[in-house]
Amino acid sequence: MNGDGVNRRSIQWFPGHMAKTLRLMRQEVRGVDAVLLLLDARIPRSSLNPELEAIAAAKPHLYVLNKADLADPALTARWVRWFCGQGAGCVAISAKQKSGAAAVRRAVDEALAGLMARNAQRGMAGARVRVMVAGIPNVGKSTFINTFAGAARAAAADRPGVTRGRQWIAAGRYDLLDMPGVLWNKFDSLETASNLAFIGSIKDDILDLEELAAGLLSQMRAVYPGRLAGRYKLTEQQLALPAWELLEAIGRGRGMLMRGGEVDTARAAAMLVDEFRASRWGRITLETPPDDAAAGRAAVSGEQQPDAPAAPGGPQQADAGKDEA
């Protein structure tokens, strides 16, 4: 148990097909011109698979913060600025919006400008550009590819494990290689595992949803207490309860009772996790860039919630203000 009464046991997440996918990607990356690394804008650090980053290092690559419409816009701007400060290209988008795909297309063109110039000198102007699209499960790769291509070419759903094998998809002058989502076999912290479980990148059927909901409540109370209290009409005293008791209080407030008046915590937990993933709590980011850690937690920005002061602006985001739920 941690100090909040939540059992911080290890999460088993690495099925054999992910190891196979990593081996395949190491082979396929030799034949592409660039790599797009899709991250979840709500957890940019936790959704960055270090093994994928290592595979992409030998090629021009671009970080794409997807689902930016679900994330805190001020923190997304800070993350874009942080990635760019590391010498990496980065753009924040919502994959379901056409202008988001257009922003990535412009960034890829810029990253590959040298290659395209060399092709033109060799009489190969207009040659097709091969790009690998990689990321963790449920980060929105297939949705992004369909928007980029302007048609439903890749199977997409709001759950992990839909893409089961590699597939090449033509999109204008680009050939996009859609790879299955892949995690890594050892997380550097339990916080990373928890964050991935919160957004649905680890299959729910291997998780204890009540434990997951209690952990989510504990984290949300630390970073967005006003959002949590407002959504579930919690008093100050209820908000201060241990996480398991807070889960019960929310379930009781929603009328989720079983015979005898006992709270159906399983039902309450499923509701909490579903509402978080559907952005019912507002636009939330659970991580700050490393250089923000000393300064403290950044703000809930655009809605001007009272949880923290607003963060300064940063690079413009593509479609950061539209719903994707």
Colleague: With side chain to side chain contact (heavy atoms under 4.5 Å, CB included) as the criterion, how do L217 and L247 come out once you've worked through the C-alpha distance, each side chain's angles and the decisive distance to 0.1 Å?
Modeller: CA-CA 8 Å; L217 287 173; L247 175 61; 3.9 Å; yes
Colleague: Look at the side chain of R221 and the backbone N and O of L228, then say whether any donor-acceptor pair between them is shorter than 3.5 Å.
Modeller: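 It does not hold such a pair.
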Colleague: So which heavy atom on V263 is nearest to which on R252, and how close?
Modeller: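 Distance-wise, the nearest heavy atoms are CG2-NH2, 3.4 Å.
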Colleague: Using a strict cut-off of less than 4.0 Å between a Lys/Arg side-chain nitrogen and an Asp/Glu carboxylate oxygen, indicate whether R128 and D175 qualify as a salt bridge.
Modeller: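 Looking at D175 together with R128, the answer is yes, because their closest N to O distance falls below 4.0 Å.
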Colleague: Between R277 and D204, does at least one N-O distance fall below 4.0 Å, as a salt bridge requires?
Modeller: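 Counted as a salt bridge, because a side-chain N and a carboxylate O are separated by less than 4.0 Å.
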Colleague: Give me the ring orientation class for W82 and W79: parallel if the planes are under 30° apart, tilted from 30 to 60°, perpendicular past 60°.
Modeller: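 Perpendicular.
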Colleague: Between R26 and E51, does any side-chain N to carboxylate O distance fall below 4.0 Å?
Modeller: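 Salt bridge: yes.
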Colleague: Taking all atoms of both residues into account, what is the closest heavy-atom pair of I202 and A193, and its distance?
Modeller: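 So the two residues come closest at CD1-O, 3.8 Å.
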Colleague: Check whether S46 reaches the backbone of N195 with its side chain - one donor and one acceptor, N or O, closer than 3.5 Å.
Modeller: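 Checking the backbone N and O of N195 against the side chain of S46, no donor-acceptor pair under 3.5 Å is found.
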Colleague: Quick one: do R231 and E275 make a salt bridge, cutoff under 4.0 Å?
Modeller: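 A salt bridge is present here (some side-chain N lies under 4.0 Å from a carboxylate O).
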Colleague: Centre of F148's six-membered ring, under 6.0 Å away, within 45 degrees of the axis: is that where NZ or CZ of R105 sits?
Modeller: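 Ring-cation test returns yes.
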Colleague: Do side-chain atoms of S201 reach the backbone of A197 as a donor and acceptor pair under 3.5 angstrom?
Modeller: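 The answer is no, because no donor-acceptor pair under 3.5 Å joins these two groups.
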Colleague: Please determine whether side-chain hydrogen bond (donor to acceptor under 3.5 Å, both in side chains) holds for the pair Q86 and Y63, giving the CA-CA distance in whole Å, both sets of side-chain angles, and the decisive distance to 0.1 Å.
Modeller: CA-CA 11 Å; Q86 308 305 304; Y63 296 97; over 6 Å; no
